[in-house]
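I have placed the structure first, in the form of C-alpha cells, so that the comments after it can refer back to it.
What you see is a predicted model, and the numbers here were worked out from it, not measured in a lab. Numbering of ligands and ligand atoms starts at 1, following listing order. Because only heavy atoms are used, hydrogens play no part in the values below, and waters and symmetry mates are left out as well, while side chains stay in.
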Amino acid sequence: MARVEQIFATSLYSAPIGGGRVKSFLEELRVACRAIQQEDGAGQRWSDEAGYKGYTSYASLNDLPVRNPTFAELCDRLVPHLVEFATSVDFDMRGLTPQVDSIWINVLEPGGTHTGHIHTNSVISGTLYVDIPPGASAIRYEDPRLAMMMAAPPRRARAAAHNRNFIYVQPTPGTILLWESWLRHEVPVNMADEDRISVSFNAVLM
Ligand SMILES: [Fe+2]
C-alpha cells in the first residue's frame, strides 16, 4: 500500500505571549517602542536612508533590554516559547538554552514594506506583534526549496499548507511567531491606515 510521508518539514511556531497581565504589558511595550522611536535620531536617519518607510531600531540600538525594562521582561517572557520551539524541532541543545541575543523595534507606516530576507548569525528568529491595526500586513514565508522548483507545476489554489510555496500569516496583537532563522520571509505592503508595530528578535543557544 502506497504512502506519502512529509519529510524535511519547515516549522512555524505561534502562540499568545501569555505570562500574565498581557494587555498592560503590550501597552507598556507599545509606549516604549514609541518613546525609543522618538529619541533614536540615528535610527530615524538610518530608516530614511535605507528606504524603510517607518522606523526600525535594527541598525542603531543593540541595548533595548538595558535601555528599557519592558524589553528585558519581554526577553524573559520569550524563553519558554523558544525552548518549546527548539524542543519541537528536536534541536540537541546539549545543556544550552535558546536565548534572545538581539532584539529590535519595527514601526511600519502605511504603505511600508519589508522585502524578503533571512536572519544571519542566528538559530531561531521571531516576532511579537504589538499594535496591528485593521488591514495591517501579514508576514509571508517562502518555501526554502523554491529555487529548486524550476520545472515544478504551480500548486492548486486550495493546496494544503505544507504544499504551498508561500504561507501568509495574519498577525494579531500579543502573538509570537518563531521560525528557524534561515527561513526567508517578508512583510508585504502595509495597507492599514495606521502604523504596524512589532518587535523582532534573534536567539542563539547559550
Ligand atoms: Fe525578519
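Under the ring-ring contact (aromatic ring centres under 6.0 Å, His included) criterion, the residue pairs touching residues 104-128 are Tyr52-His114, Tyr58-Trp104, Trp104-His119, His114-His117, His117-His119, His117-His185, His119-His185, with sequence neighbours excluded.
One distance of note links OG1 of Thr56 with CG of Leu108; it measures 10.0 Å at 0.5 Å rounding. Atom CG of Leu82 and atom OH of Tyr13 lie 8.5 Å apart (nearest 0.5 Å).
For the Fe ion (ligand 1), the nearby protein N/O/S atoms, meaning those under 2.8 Å, are His117 NE2, His119 NE2, His185 NE2.
Residues meeting the side-chain hydrogen bond (donor to acceptor under 3.5 Å, both in side chains) test with Arg155, sequence neighbours left out: none.
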Indicate every side-chain donor-acceptor pair of residues 83-101 with a distance under 3.5 Å to a residue at least two apart or in another chain.
| from | atom 1 | to | atom 2 | distance (Å) |
| --- | --- | --- | --- | --- |
| Thr87 | OG1 | Val83 | O | 2.7 |
| Ser88 | OG | Phe85 | O | 2.7 |
| Asp92 | OD1 | Arg94 | N | 3.4 |

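Using a 4.0 Å cut-off between charged nitrogen and carboxylate oxygen, Glu39 and Arg34 do not count as a salt-bridge pair.
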